[in-house]
Amino acid sequence: ICFVVTKSFLLTCCLPIFLMGMRYYFSRKVILHYLDCALHTDMSDIEQYYMKPPGSCFWVAVLDGNVVGIVAARGNEEDNTVELRRMSVDSNYRGKGIAKALGRKVLEFAVLNNYSSVVLGTTAVKMAAHKLYESLGFKHMGVVEHYALPGMTRSLLERMFFQVRYHRYRLQLREE
C-alpha cells in the first residue's frame, strides 16, 4: 500500500524499520515506567508491604549465594484469597524448577493460612509462564485486552505501538 501511495521503493523499505523502531521505543518506555513504579511502591519496602500485613509473605530463592528468584503473596480477607505476585526468576536460572518451587511455596502458604483460593494476573507473553501456572493447578479465567500497566500514559502513540494482554488465573483450594 505504501508503494502504491508514494511510488517510492525507498520509503516502502524504510516504513517497516520505522514501525519496528516505534514499537521498540514504546515497549521499552512502558516497561521502564512499570519497573520504576514497582520500585517506588511495594518493592521499595518489601517488609512493610509483604512481611508485616497478616496473610502476606515474600520469599527469595538463593542458589550458590546468589538471589535467583522471588515471589510474593498478598492476602485478601474480603474474599479469602491470596494473590501470587512478583514471581520472577533470573533469566540465567530459568528452566531449573525454581519458579515451580516458588509457586509451590505460595500454595503451601495459602493452605496453611486457610485461604480458599490463590489468584494471579500476568502480562507474560512467554508460553512457559502460562504452562507453569497450569502445571501448578491454576485455571485460566480470562484475558483483559488493552490492559494498562501502572505508569502507562495511554497516549495515542502508546496505544498504537504497545498493547498488553492481562491473563487471570485461579486455583481453588477449597469451597467457601
Side-chain angles (χ1 to χ4, degrees), residues 1-6 8-46 49-50 56 58 61 68-76 78-79 81-96 98-100 102-103 106-107 117-172:
I1 293 174
C2 182
F3 183 75
V4 170
V5 171
T6 65
S8 168
F9 186 70
L10 180 63
L11 188 60
T12 302
C13 291
C14 290
L15 184 63
I17 295 168
F18 172 76
L19 292 174
M20 287 189 309
M22 291 297 286
R23 177 152 173 96
Y24 174 80
Y25 170 79
F26 281 100
S27 298
R28 182 173 166 75
K29 177 180 171 250
V30 167
I31 290 167
L32 290 176
H33 278 135
Y34 171 73
L35 291 174
D36 187 55
C37 184
L39 291 173
H40 286 91
T41 56
D42 63 316
M43 296 305 286
S44 69
D45 193 349
I46 292 167
Y49 200 82
Y50 292 112
S56 297
F58 192 91
V68 297
I70 62 170
V71 70
R74 180 96 173 162
N76 183 347
E78 288 178 19
D79 61 359
T81 64
V82 67
E83 182 182 9
L84 184 152
R85 300 181 49 120
R86 303 293 185 206
M87 183 184 282
S88 180
V89 174
D90 184 312
S91 59
N92 297 321
Y93 294 91
R94 291 186 183 150
K96 298 182 184 323
I98 296 167
K100 189 170 257 191
L102 289 168
V106 172
L107 299 180
S117 60
V118 181
V119 296
L120 69 89
T122 183
T123 58
V125 293
K126 294 185 177 179
M127 289 309 298
H130 298 278
K131 287 181 181 180
L132 167 69
Y133 302 134
E134 290 169 3
S135 77
L136 289 168
F138 284 88
K139 303 290 182 228
H140 191 257
M141 303 303 291
V143 178
V144 176
E145 299 285 343
H146 309 293
Y147 179 74
L149 289 170
M152 284 182 78
T153 63
R154 303 289 294 152
S155 69
L156 177 62
L157 287 174
E158 202 175 81
R159 287 185 306 213
M160 282 175 51
F161 292 105
F162 187 81
Q163 295 178 7
V164 180
R165 296 175 121 186
Y166 184 77
H167 297 263
R168 293 178 296 116
Y169 285 87
R170 180 181 203 89
L171 173 60
Q172 197 70 34

State, to 0.1 Å, how close Ala72 and Val106 come at their nearest heavy-atom pair, and which atoms those are. O-CG2, 4.2 Å
List the steps, then state whether side chain to side chain contact (heavy atoms under 4.5 Å, CB included) holds for Val119 with Arg168. CA-CA 7 Å; Val119 296; Arg168 293 178 296 116; over 6 Å; no
Suppose we screen for ring pair (Phe, Tyr, Trp, His ring centres under 6.0 Å). Which residues come up paired with Tyr147, at least two apart in sequence or across chains? Tyr166
Pairwise distance OH(Tyr34) to CG(Leu39) - rounded to 0.5 angstrom: 10.0 Å
Search all heavy atoms of Leu102 against all heavy atoms of Gly69 and return the closest pair with its distance. CD1-C, 3.9 Å
For Ile98, the option from Val71, Asp90, Val68 that meets side chain to side chain contact (heavy atoms under 4.5 Å, CB included): Val68
Could you report the tightest heavy-atom contact between Gly75 and Ser56, atom names first, then the distance? N-OG, 3.2 Å
Check against side chain to side chain contact (heavy atoms under 4.5 Å, CB included), His146 and Gln163: CA-CA 5 Å; His146 309 293; Gln163 295 178 7; 3.2 Å; yes
Measure the shortest side-chain to side-chain distance between Arg85 and Phe58 over non-hydrogen atoms and say whether it is less than 4.5 angstrom. no
Count the heavy atoms belonging to other residues, nucleotides or ligands that lie under 6.0 Å from CG of Leu156, then report whether that count exceeds 12. yes
Write down the atom of Phe138, the atom of Val118, and the distance for their closest heavy-atom approach. CE2-O, 3.4 Å
Atom pair NE2/CZ of His140 and Arg170 - distance to nearest 0.5 Å: 14.0 Å
Of the non-hydrogen atoms in Leu171 and Gly137, which two are nearest, and what is the gap between them? CD1-O, 3.1 Å
So with a 6.0 Å cut-off around OH of Tyr25, is the heavy-atom count from everything else above 12? no
Looking at every heavy atom in both Lys96 and Asn92, which two are closest together, and how far apart are they? CE-O, 4.1 Å
Please report the interatomic distance CE(Met22) to CZ(Phe162), rounded to the nearest 0.5 Å. 14.0 Å
So CE of Met141 and CG of Leu120: to nearest 0.5 Å the spacing works out to 11.0 Å
Verify, without hydrogens or angle tests, whether Ser27 (side chain) and Tyr24 (backbone) share a donor-acceptor contact under 3.5 angstrom. no
Could you tell me whether His40 atom NE2 has more than 12 heavy atoms of other residues or ligands within 6.0 Å of it? no
Please enumerate all residues that pass ring pair (Phe, Tyr, Trp, His ring centres under 6.0 Å) together with His130, with sequence neighbours excluded. His167, Tyr169
When rounded to the nearest 0.5 angstrom, what is the spacing between OG1 in Thr122 and NZ in Lys126? 11.5 Å
Please evaluate residues Val30 and Phe161 with respect to the criterion side chain to side chain contact (heavy atoms under 4.5 Å, CB included), reporting the C-alpha separation (whole Å), side-chain torsions for both, the decisive distance (0.1 Å), and the verdict. CA-CA 10 Å; Val30 167; Phe161 292 105; over 6 Å; no
Quick one: do Leu136 and Leu107 satisfy side chain to side chain contact (heavy atoms under 4.5 Å, CB included)? Show the steps, please. CA-CA 9 Å; Leu136 289 168; Leu107 299 180; 4.3 Å; yes
Enter the distance from Gln172:CD to Thr81:OG1 here, rounded to the nearest 0.5 Å. 9.5 Å
Indicate yes or no: does Arg74 engage Asp42 in a salt bridge with an N to O separation below 4.0 Å. no
Going by the salt bridge (Lys or Arg N to Asp or Glu O under 4.0 Å) test, which pairs reach into residues 140-161, not counting sequence neighbours? Lys29-Glu158, Glu145-Arg165
Only one of Thr12, Leu19, Leu11, Ile17 passes side chain to side chain contact (heavy atoms under 4.5 Å, CB included) with Leu15; say which it is. Leu19
